[in-house]
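Since the structure comes first, as structure tokens, the remarks are kept for the end.
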Amino acid sequence: MPLAVPVLSVPFETRMHPATETARVATDRWARNFGLTVRPELCERLRASAPARLAGRVCPDATLDGLLFACDWQAWLFLFDDGYCDESEIGADPAAITEVTVWMLGA
């Protein structure tokens with residue numbers, strides 16, 4: 001029996017923060033300065049995950065500082081997930097990843 005997928009409509013327009021490109025450049029610099037993208041593949045992953053685009057869509061009316069914070073936070077989350085959860089020995093060990101995550105949350 002075929003699955004009936006309902007048509008979904010969004011009752012509001014999608015918007016992008018006007019400073020999204022500024023945030024992208026600033027977050028790329030921020031990640032580089034903190035050594036989060038020292039490996040070329042991490043730099044490429046950060047670009048592919050597009051945290052500024054996500055922040056710009058989620059926070060279209062934010063102040064510039066608010067947008068920059070949201071963008072940096074998204075970038076850090078993506079990089080943490082890639083570096084610790086998905087592709088490391090720590091990510092394969094639930095106890096170890098819990099310990100690292102609790103430590104990071106404390107920071």
Side-chain angles (χ1 to χ4, degrees):
M1 170 174 260
L3 178 64
V5 178
V7 175
L8 301 176
S9 65
V10 178
F12 48 88
E13 67 179 272
T14 61
R15 298 181 319 158
M16 182 73 74
H17 194 289
T20 298
E21 179 59 17
T22 300
R24 185 196 64 75
V25 170
T27 293
D28 286 351
R29 185 176 46 249
W30 171 83
R32 189 174 47 253
N33 289 344
F34 277 97
L36 300 174
T37 55
V38 292
R39 297 190 334 250
E41 65 272 14
L42 291 175
C43 189
E44 181 53 38
R45 282 190 180 182
L46 181 61
R47 284 196 181 102
S49 66
R53 185 172 163 82
L54 176 60
R57 288 248 185 243
V58 171
C59 309
D61 297 317
T63 63
L64 180 57
D65 285 341
L67 178 67
L68 293 172
F69 177 79
C71 189
D72 290 351
W73 178 244
Q74 292 297 327
W76 182 87
L77 287 171
F78 289 138
L79 291 167
F80 176 78
D81 182 61
D82 286 348
Y84 282 95
C85 302
D86 295 340
E87 297 180 2
S88 72
E89 291 179 17
I90 291 173
D93 179 354
I97 194 63
T98 299
E99 185 176 333
V100 168
T101 303
V102 168
W103 178 80
M104 292 299 246
L105 288 172

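These values consider heavy atoms only, across backbone and side chains, with no hydrogens, waters or symmetry-generated copies.
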With rounding to the nearest 0.5 Å, note down the distance linking [atom1] in [X] to [atom2] in [Y].
{"X": "L79", "Y": "S49", "atom1": "CG", "atom2": "OG", "value": "6.5 Å"}
{"X": "R15", "Y": "C59", "atom1": "CZ", "atom2": "SG", "value": "11.0 Å"}
{"X": "T27", "Y": "F78", "atom1": "OG1", "atom2": "CZ", "value": "11.5 Å"}
{"X": "R53", "Y": "T20", "atom1": "CZ", "atom2": "OG1", "value": "9.0 Å"}
{"X": "E41", "Y": "L46", "atom1": "CD", "atom2": "CG", "value": "12.5 Å"}

Are L77 and L36 co-members of a hydrophobic cluster defined by side-chain heavy atoms under 4.5 Å apart? yes
Please check if W30 and W73 belong to a single hydrophobic cluster, counting links between Ile, Leu, Val, Met, Phe, Trp and Tyr side chain heavy atoms closer than 4.5 Å. yes
Measure across C71 and A23 and return the closest heavy-atom pair with its distance rounded to 0.1 Å. SG-O, 3.9 Å
Where the side chain of H17 meets the backbone of A62, is there a donor-acceptor pair that is under 3.5 Å apart? yes
Dump the intermediate steps for side chain to side chain contact (heavy atoms under 4.5 Å, CB included) on F34 and D72, then the final yes or no. CA-CA 11 Å; F34 277 97; D72 290 351; over 6 Å; no
Evaluate D28 against R24 for salt bridge (Lys or Arg N to Asp or Glu O under 4.0 Å), listing each step before the verdict. CA-CA 6 Å; D28 286 351; R24 185 196 64 75; 2.8 Å; yes
